[in-house]
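Numbers for residues simply follow the sequence, beginning at 1. We count ligands from 1, going down the list as the structure has it; atoms in each ligand are counted the same way. Note that these values count all heavy atoms, side chains included, but never hydrogens, waters or copies made by symmetry.
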Amino acid sequence: MKKYILITGGAGFIGSHVVRQFVNKYANYHIVNLDALTYAGNLENLIDIEKESNYTFIKGDITDEILINQLFKTYRFEGVIHLAAESHVDRSITDPLVFAKTNILGTMVLLNAFKNLWKNNWEGKRFYHISTDEVYGSLGETGLFTETTSYDPNSPYSASKASSDHFVRAYGETYGLPYVISNCSNNYGPNQFPEKLIPLFINNIIEQKPLPVYGNGKYTRDWLYVIDHAIAIDLLYHEGKNHDTYNIGGFNEWQNIELIKVLCQQMDEKLGRPIGTSEKLITYVKDRPGHDLRYAIDASKINKEFGWQPSVTFEEGLSITIDWYLKNSEWLQNVTCGLYQDYYQKQYK
Ligand code: NAD
Ligand code: DAU
């Protein structure tokens with residue numbers, strides 16, 4: 001008997017890498033990918049595995065309680081890996097309500113369906129909630145986020161993710177629901193929608209458009225290659241301790257402006273442009289409201305318990321990522337036509 005596992009948000013950036021990892025590796029699982037295909041969801045991300053016999057795609061919204069209850073009844077999911085979310089901080093500033101709806105209510109609908117199905121038989125079941133380091137708020141110049149750092153979210157996005165984390169824990173405490181949560185740092189890699197820093201700047205460099213650096217560019221993020229995140233998710237789904245939480249990060253902090261300079265240099269080399277060409281596109285623009293100064297993850301728990309660590313250096317991962325975008329110009333064109341242009345005008349006007 002195959003085990004049915006629900007992966008939500010599997011047509012998005014990280015979700016598509018997680019779906020591929022599970023479909024290719026586990027013939028004994030049947031993976032059901034539920035995704036609403038918002039602007040961020042793209043089935044082109046999964047063309048290579050879409051015909052596999054252990055994979056099913058369903059277009060649907062995690063806030064649709066009737067649909068979700070029906071799906072749990074039909075497939076009797078023993079595991080849930082929950083990635084579906086509104087994920088972009090800038091969009092959460094202009095339209096916070098949809099973040100509350102999808103990220104909080106959507107998570108609760110899934111928790112409820114899982115609880116109602118398995119409440120008398122939790123043995124062998126698992127609800128894995130994918131969260132973010134942004135729930136911890138902002139660090140100063142020093143220090144690291146650990147699993148015991150207090151939650152202190154600053155953006156509507158991080159507040160909605162923090163809230164969803166709390167509901168997962170509350171279902172664990174109240175109903176005994178078996179869960180694992182992981183809080184990861186900034187991901188980068190193939191298939192990321194070009195609203196986030198790295199793919200947006202890659203696209204703008206290709207098109208020789210300005211590179212809009214928020215504020216003074218001295219904000220710091222900890223970057224992790226997306227496939228290393230997918231590997232960590234696979235590990236924690238199977239080995240993570242019940243009712244526990246794990247930080248995942250790249251041990252790889254960069255000030256935005258320094259990262260952008262490395263990106264510019266690699267792009268110049270790959271595009272055969274004189275070194276310095278792309279850096280000239282750097283344009284300092286108005287800061288993001290409530291901009292968190294610094295995120296940095298202490299990933300020693302997952303490292304010590306399971307030996308997990310990033311498999312590529314940042315320079316290697318960035319190079320693979322740039323090559324992917326240059327090779328997949330059609331993917332990039334498809335996602336940047338239409339509504340993307342309206343978003344871009346409003347965000348960077
Ligand atoms: P993404 O925006 O690329 O993908 C989100 C996916 O969720 C899309 O396919 C979208 O169609 C789907 N979705 C959105 N609303 C939905 C709804 N109501 N019902 C069903 N599907 C819906 O996001 P991502 O960057 O891949 O992030 C995935 C998860 O990982 C999110 O929960 C995010 O908070 C978390 N996370 C992201 C990062 C990062 O750096 N990108 C880091 C840490 C954690
Ligand atoms: O830390 C994990 C989080 O990382 C995830 O939970 C989020 O889903 C993900 O979007 C990401 O959030 P950030 O806000 O850190 O990522 P973003 O790529 O939007 O921005 C990275 C940094 O670059 C941040 O300091 C803002 C800055 N930036 C971003 C954009 C889009 C710019 O300077 N200019 C830009 O145009």
Side-chain angles (χ1 to χ4, degrees), residues 7-19 33-43 45-46 58-64 67-68 81-93 98-99 101-103 105-107 109-110 129-136 138 145 155 157-158 160-161 164-165 182-189 191-201 204 210-224 226 229-230 233 247-249 254-257 259-260 282-288 291-297 344 347-348:
I7 299 185
T8 69
F13 167 48
I14 302 170
S16 59
H17 291 281
V18 175
V19 166
N33 170 13
L34 175 74
D35 196 297
L37 299 182
T38 68
Y39 77 92
N42 186 349
L43 288 178
N45 294 347
L46 290 166
I58 294 171
K59 182 174 186 298
D61 192 320
I62 54 167
T63 66
D64 181 344
L67 169 76
I68 297 299
I81 304 177
H82 175 37
L83 296 111
E86 288 293 336
S87 69
H88 190 39
V89 174
D90 291 328
R91 289 185 193 254
S92 83
I93 294 166
V98 66
F99 282 71
K101 188 175 178 211
T102 294
N103 299 358
L105 189 65
T107 301
V109 168
L110 292 167
H129 179 60
I130 310 298
S131 192
T132 169
D133 61 357
E134 299 201 12
V135 298
Y136 299 123
S138 184
F145 295 134
S155 72
Y157 163 68
S158 52
S160 68
K161 291 296 290 186
S164 64
D165 292 9
S182 59
N183 297 83
C184 189
S185 63
N186 288 59
N187 285 214
Y188 70 96
N191 306 93
Q192 189 169 28
F193 191 78
E195 62 184 352
K196 310 279 165 65
L197 180 74
I198 290 180
L200 184 111
F201 278 35
N204 283 16
L211 304 177
V213 178
Y214 294 160
N216 62 9
K218 298 213 165 136
Y219 297 90
T220 300
R221 299 290 183 265
D222 171 356
W223 294 91
L224 177 68
V226 65
H229 190 187
I233 289 172
N247 281 354
I248 308 172
W254 286 83
Q255 257 190 7
N256 291 344
I257 192 64
L259 181 157
I260 290 160
I282 291 174
T283 309
Y284 289 91
V285 299
K286 201 165 132 260
D287 211 346
R288 172 186 278 176
H291 200 164
D292 287 331
L293 177 68
R294 178 171 163 259
Y295 306 142
I297 281 277
Y344 199 91
Q347 180 63 25
Y348 297 101

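Note: an N/O pair closer than 3.5 Å links Tyr214 and ligand 2 by distance alone. Distances between N or O atoms of Ala84 and those of ligand 1 include no value under 3.5 Å.
If you check which protein heavy atom lies closest to atom 18 (O) of ligand 2, you get Leu197 N, 2.8 Å. Here the protein heavy atom with the shortest distance to atom 9 (C) of ligand 2 is Ser87 O, 3.9 Å. Of all protein heavy atoms, the one closest to atom 20 (O) of ligand 2 is Arg288 NH2, 3.9 Å. Annotation: atom 18 (N) of ligand 1 to nearest protein heavy atom, Asp61 OD1, 2.9 Å. In this structure, atom 13 (P) of ligand 2 lies nearest to the protein heavy atom Glu134 OE2, 3.4 Å. The protein atom (non-hydrogen) at minimum distance from atom 36 (O) of ligand 2 is Tyr348 OH, 2.6 Å.
Other residues, nucleotides and ligands contribute at most 12 non-hydrogen atoms within 6.0 Å of the NZ atom of Lys101.
The closest approach between a heavy atom of Thr102 and any atom of ligand 1 is below 4.0 Å. Look at Tyr39 and you'll find every heavy atom at least 4.0 Å from all atoms of ligand 1. The shortest heavy-atom distance from Thr8 to ligand 1 is not under 4.0 Å. Taking a 4.0 Å cut-off on heavy atoms, Gly60 registers as neighbouring ligand 1. In this structure, Gly106 does not count as a contact residue of ligand 1, since none of its heavy atoms falls inside 4.0 Å of the ligand.
Proximity of Asn187 to ligand 1, defined as any heavy-atom pair under 4.0 Å, is shared by backbone and side chain alike. Contact annotation for Tyr157 and ligand 1: only side-chain heavy atoms (C-beta onward) come within less than 4.0 Å of the ligand. Using a 4.0 Å cut-off between heavy atoms, Lys161 contacts ligand 1 through its side chain alone, with no backbone atom that close.
Below 4.0 Å from some heavy atom of Val213 lie the following atoms of ligand 2, by number and element: 33 (O). Residue Leu200 has at least one heavy-atom neighbour below 4.0 Å for each of these atoms of ligand 2: 36 (O). Annotation for ligand 2: atoms under 4.0 Å from non-hydrogen atoms of Tyr295 are 1 (O), 15 (O). Taking every heavy atom of Asp133 and a limit of under 4.0 angstrom, the matching atoms of ligand 2 come to 1 (O), 2 (C).
Remark: among candidates Asn191, Ile130, Val98, Leu197, the nearest residue to atom 30 (O) of ligand 1 is Ile130, based on non-hydrogen atoms. Between the choices Ser131, Gly189, Cys184, the shortest heavy-atom distance to atom 44 (C) of ligand 1 belongs to Ser131. Among Lys196, Arg91, His88, Glu86, the residue whose heavy atom sits closest to atom 10 (O) of ligand 2 is Lys196.
Between Tyr136 and Asp292, the side chains place no donor N or O within less than 3.5 Å of an acceptor N or O (distance only, hydrogens not considered).
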